[in-house]
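Report on one structure; see the data block that follows.
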Amino acid sequence: MLSYLLRRLGLAAITIWAITLVTFVIIQLPPGDFVDAYVAQASAMGTAISAEEAHALRLLYGLDQPLWVQYVKWLGLVAHGEFGQSFEYGRPVSEVIGDRIWLTVALSLGSILVTWGLALPIGIYSAVRQYSFGDYLFTFIGFVGLAVPSFLLALIIMYVGFRYFGMNVGGLFSSEQALAPWSWAKLWDLMGHLPLPILVLSLPGIAQLVRIMRANLLDELRKPYVVTARARGLAERRVILKYPVRAALNPFASTIGYLLPFTVSGSIIVSVVLSLPTVGPLLLRSLISQDMLLGSTIILLLGILTVIGTLLSDFLLMWIDPRIRHGQH
Amino acid sequence: MAEPLKVEPILSVRDLRTHFFASEGVVRAVDGTSFDLEPGRTLGIVGESGCGKSVTARSILRIVDQPGRIVGGEILLRQAGGQVVDLVTLPVDGKAMRSIRGGEIGLVFQEPMSSLSAYHTIGNQLIEAIRLHSGLSKQAARARAIELLALVGIPRPDQRVDSYSFELSGGLRQRVMVALALAAEPRILIADEPTTALDVTTQAQILELLRRLQQERGLAVILITHDMGVIAEMADDVVVMYLGHEVEKGPVDTIFHAPSHPYTRALLRSIPNVLAKPRERLATIAGSIPHPYARPPGCPFHPRCPEAMPGVCDKGFPEETQIADRHAVACFLYGRETA
């Protein structure tokens, strides 16, 4: 058991290192570098930057050095918990990302909890009352949720929220709180703004999980152990909740592995549409301007989130499935 | 000589009909079955697959799966106090029916490999069943669970109680199923093909266990099987079923020595015999079981029956006829025709 945990943690560390390498390489792949993009942007705005100035910038950011030197220097920084300077913002990357990472994590966790909280009961209902009106209704909503792109859904929900409910849509804070230091009032403001983006972000996940839960539970409901539990005199509700639902729960644990990074990366467009101060739009911006250190840091964070998510789901699975715990199938 | 004292049956099934309403049509899985189970005796129900044996068992416990439904008949259970309840009239998930499931009637199922939850220890499932019907404390129920595991012959029961089902062999799992069925000390045990999924040695052990438990506790047992050998070894009384009807019933000796229904005779002929000459072909029943949506008119067995009488057997349905004490047959060879 302990050796399993240690092995998993060791593998996670190796995976994260591999991610840093891949991240750095991918970020370098587009032609040109930050200075090229900077020069192009400046000339588009009517300012000319001379070749000497450009060269000086390259020296300043260390862009003249070979790739592997840049990688080792970056890795050295990362190992110390620093992520270097953002070229574009001229501030440390950690400062640029700042609160955004925590808002992103809050949004992701909120979405996962809502996804689980809604998908589980709806999935159980749909399976137990298969082919009922409610089942068809949820199936319909589910397919709509899967088929409609999230950003479109975001626009519709924003419109409806604003037009008919007078809600304060967009962003995670009211304008007066956005730049204020953290306080109870700001936290309260955040709570008021969270539900809408969380709803938009969780809908595709809910739709998917409901289908998975329904299919799994339908399989389990037909298994003999359900009949024997019933034959022992247990009440129907208890039979279903204790036995087949437990057996159908595995996908819930495994989804956290991909839901965690998905709510960050898959939500870029949604975040832009809803102007959420999360990491997603920042990543998009850094990729456009080839702000290497900022971009690779965010991608690295995404990678780490994926590894953490997978690790969490493995541990959860081990906790809920004794066959995994006891190494048998 | 005085008339032998008539024993009151503990369970009487009267003209039970359980049909399945699928979109393709209605399957009459059980279509007018009647039999009595007497206390302390073993009733064997035998027949080919699809003849309605298992559905009969599930009907008694009222756990027939959708789209199946009991559409007629009575299931009369004589309770410990002597009062008789008709299980068909009880609400399916009501308190009364739930206390009978497990409490008065225990069920052992045919698939020990998948009849236990892999996510809970066997102790967890046993203690749940014990406490459900007795209100014992957790500790007392655990002690009782260990006792039960010892009773059904599981070695080191105090350790096994914390095992998961996948850590046990098929034979041990079936013993756990028997322990689970007996958790609330029911007076009736229904064993639905309890040995079908097990190897021959384990089969013999499980049957031996059932017999011992029956003798020790005076259980009334309904043993459902397709295996005439098991019937010969275990049963006191036999019901032979074909396509949802019982075609013959009587004491085990009568059924084996004086089988009267052509189907019973055919079944007995198709048992492999160690005394048979080498390379002799095993007798089989001609034809195959009709499709469930296309049951033949008249006597359901007539298309496969070597003694079928044209114009009689394909027209009317044979009523059950008493041909001797405790021996009844539903066949036109013996009885009068009913429309």
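Below, chains carry the letters A, B, ... as their sequence lines are ordered, and counting in each starts from 1.
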Highest number of heavy-atom pairs under 4.5 Å with chain B among A:R238, A:K242, A:R246, A:R237 belongs to A:K242
Side chain, backbone, both or neither: which part of [X] has an atom under 4.5 Å from a heavy atom of chain A?
X: B:S99; result: neither
X: B:R62; result: neither
X: B:N124; result: both
X: B:M177; result: side chain
X: B:L61; result: side chain

A side-chain contact here means heavy atoms from C-beta on lying under 4.5 Å apart; do [X] and [Y] qualify?
X: B:F109; Y: A:T228; value: yes
X: B:R98; Y: A:L234; value: no
X: B:S165; Y: A:Y225; value: no
X: A:R230; Y: B:V92; value: no
X: A:Y243; Y: B:Q125; value: yes
X: B:Y119; Y: A:I320; value: no

Which region of A:L221, side chain (C-beta onward) or backbone (N, CA, C, O), has a non-hydrogen atom less than 4.5 Å from a non-hydrogen atom of chain B, or is it both or neither?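 Looking at A:L221, nothing touches chain B.
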Write down the atom of A:R232, the atom of B:S115, and the distance for their closest heavy-atom approach.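 Taking A:R232 first and B:S115 second, the nearest heavy atoms are NH2-O, 4.4 Å.
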Between A:A231 and B:L107 the two heavy atoms that sit nearest each other are CB-CD2, 3.6 Å
For A:R129, I'd like to know if atom CZ has over 12 heavy atoms of other residues, nucleotides or ligands within 6.0 Å.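 No, the 6.0 Å shell around CZ holds no more than 12 heavy atoms from other groups.
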Value rounded to 0.5 Å, distance of CG in A:D321 from OH in B:Y164: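 Here the rounded value is 9.5 Å.
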* **Nearest-0.5 Å distance that lies between atom OG in B:S114 and atom CZ in A:R222** =>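 B:S114 atom OG to A:R222 atom CZ measures 14.5 Å (nearest 0.5 Å).
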Within residues 136-144 of chain B, the residues sitting under 4.5 Å from chain A by heavy atom, in sequence order, are none
Notebook entry, point to check: If you count heavy-atom pairs under 4.5 Å between each of B:R58, B:H133, B:E128 and chain A, which one has the most?
Noted result: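 The option with the most such pairs is B:E128.
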